[in-house]
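Structure, as structure tokens:
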Protein chains: 2
Amino acid sequence: MASLTEENYLKLIYHLSGPGYEEVSTNALAEQTQTKAASVTDMLRKLAEKNLIHYKKYQGVRLTEEGQQEALKVIRRHRLWEVFMVEKLGFRWDEVHPIAEELEHIASEELINRLDAFLDFPESDPHGDPIPTASGRMPSAEYEKLAEVPVQQEVIMMGVSEHTAPFLQFLSKSGLIPGSLVQVLEVNEFDRSMTIQINEAHPSFVSYEVARNILVQTKV
Amino acid sequence: MASLTEENYLKLIYHLSGPGYEEVSTNALAEQTQTKAASVTDMLRKLAEKNLIHYKKYQGVRLTEEGQQEALKVIRRHRLWEVFMVEKLGFRWDEVHPIAEELEHIASEELINRLDAFLDFPESDPHGDPIPTASGRMPSAEYEKLAEVPVQQEVIMMGVSEHTAPFLQFLSKSGLIPGSLVQVLEVNEFDRSMTIQINEAHPSFVSYEVARNILVQTKV
DNA sequence: ATAAAAATTTAGGGCACCCTAAAAAAATGT
DNA sequence: ACATTTTTTTAGGGTGCCCTAAATTTTTAT
């Protein structure tokens, strides 16, 4: 029903509206879609006609329930294909995003549900992001930022909130991958950088910029 | 480089030009693409500009070497995804074609070569059609039609030359799937129908229309 | 409160891929 | 051989998604 371009808009609106489902601005969409604001306005009018978004001129945009379900389907497909590529085909976690951007538009529900089963119903993708269920619910992953963990605390690395290839490659090189045991040894008050220990290895140093993009869970 | 629509044209020209690489007519393409002849002419002009086809007005069309390589890439992807869906996801052979029509346009060579390895470098798809190699060669499968096998001869079912779901479903129901051992028990001279035995089972009856769409190999 | 700046929409147009109608070329039948 | 039929191309136009330029609304700053 929704075209490839429409699906990309819905997914983007979902991501940009954040946990509070705030209104998304035309300019924010133009920036992320690599298009101009005028083109975004065109598309918003179309999505509104299809009842996929709530749209009042000059007022920003929110997904309707229907639009959100569409967005979650696309995100589910994206993340399942990422799991497939890493777990079954041996890709690294920093390589799979661009290919999943294409695979996510293959619509067959049968395909995606069988893939889900083949992968043993994973709950999160290789970056730690939760996978929406077949029934259209996004599991809420309540992680905290490594940057906010107090000294001495031990945590488990669960995922990232920044998905660029260079960042992911840097983490791999440091041994910081989902599942790692991390202990905060020292926090530098001045620039909020940290010294941490990863899986019993030698202490490592991470900047605040890095630490705030790493999601962790307090050790159970 | 080639758009989704262009890829579909190249694949279609490949299939319609047959083993002898004969010229394909505008009307034949219009019929198969579910479009009108005028639209086909538009596209042919575009493909010729990109050096993917040899095209002289009113003279029909052939693939260039470059165009054939593109077509073989698409066919390779299509057939590998079909193997994946049947072997790994448990689809039936009559279900996978429409989904593979979408998956075949995901261009990543890395993806497809890793998929190839994951599937153990299959030589043919679930319908017995050969899978082009990564280097762009179509393995020649020299099978004969079941319809041409003499009485008493034992053969192995290798594939089909008709890929519609109803035909494939009929074959499954009869136990006629690639790998089956088939012996021709009797041929009816009048309508060329056959009585055959499949894998030691009770004798079955197949019409000429069915027998000429089943590809077999003489038992080794 | 209102002028200036920023954000957004409208107007008008381009390219890819499709259409119908009409013209042109090729194939066919006598 | 040539009139008729069939095939193919050209002409002109439509929709989806993008653009620039100009107009409009909202926000910000004084």
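What you are looking at is a predicted structure, and each value in this text was computed from that prediction instead of being measured. The figures that follow rest on heavy atoms only: side chains count, while hydrogens, waters and symmetry mates do not. In what follows, every chain begins at residue 1, and chains take the letters A, B, ... in the order their sequences are listed.
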> At under 4.0 Å between heavy atoms, what does Thr41(A) touch on the DNA or RNA strands: base, sugar-phosphate, or nothing?
Replying inline: base
Let me know the distance between [atom1] of [X] and [atom2] of [N], rounded to the nearest Å.
| X | N | atom1 | atom2 | value |
| --- | --- | --- | --- | --- |
| Asn27(A) | dT9(C) | CG | C1' | 12 Å |
| Glu31(B) | dT6(D) | CD | P | 16 Å |
| Leu44(B) | dT10(D) | CG | C1' | 14 Å |
| Arg45(A) | dT15(D) | CZ | P | 13 Å |

Heteroatom pairs (N/O) under 3.5 angstrom, protein to nucleotides 18-22 of chain D:
{"unit_1": "dC18(D)", "atom_1": "N4", "unit_2": "Asp42(A)", "atom_2": "OD2", "d": "2.9"}
{"unit_1": "dC19(D)", "atom_1": "OP2", "unit_2": "Lys36(A)", "atom_2": "N", "d": "2.8"}
{"unit_1": "dC19(D)", "atom_1": "OP2", "unit_2": "Ser39(A)", "atom_2": "OG", "d": "2.5"}

> Does any non-hydrogen side-chain atom of Leu146(B) lie less than 4.5 Å from one of Val184(B)?
Replying inline: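 In short, these two side chains touch, coming nearer than 4.5 Å.
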For [X], which residues count as a side chain to side chain donor-acceptor pair (under 3.5 Å) partner, sequence neighbours excluded?
| X | answer |
| --- | --- |
| Glu65(B) | Gln69(B) |
| Ser3(A) | none |
| His15(A) | none |
| Thr35(B) | Thr33(B) |

> For residues Asn27(B) and Ser25(B), is any side-chain donor paired with an opposing acceptor at under 3.5 Å?
Replying inline: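 The criterion, which ignores hydrogens and geometry beyond distance, is not satisfied for Ser25(B) and Asn27(B).
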>> Looking at Glu144(B), I'd like to know if its CD atom is crowded, meaning that more than 12 non-hydrogen atoms belonging to other residues, nucleotides or ligands lie closer than 6.0 Å.
In response: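 Counting neighbours around CD of Glu144(B), more than 12 heavy atoms of other residues, nucleotides or ligands fall under 6.0 Å, so yes.
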>> Heavy-atom count check: over 12 atoms from other residues, nucleotides or ligands less than 6.0 Å from Lys88(A) NZ?
In response: yes
>> Near DNA chain C, counting only heavy atoms under 4.0 Å, which residues of residues 49-60 of chain A show up?
In response: Tyr55(A), Lys57(A), Tyr58(A)
>> Side-chain N or O of Ser25(A) versus OP1/OP2 of dA7(C): is the shortest distance under 4.0 Å?
In response: no
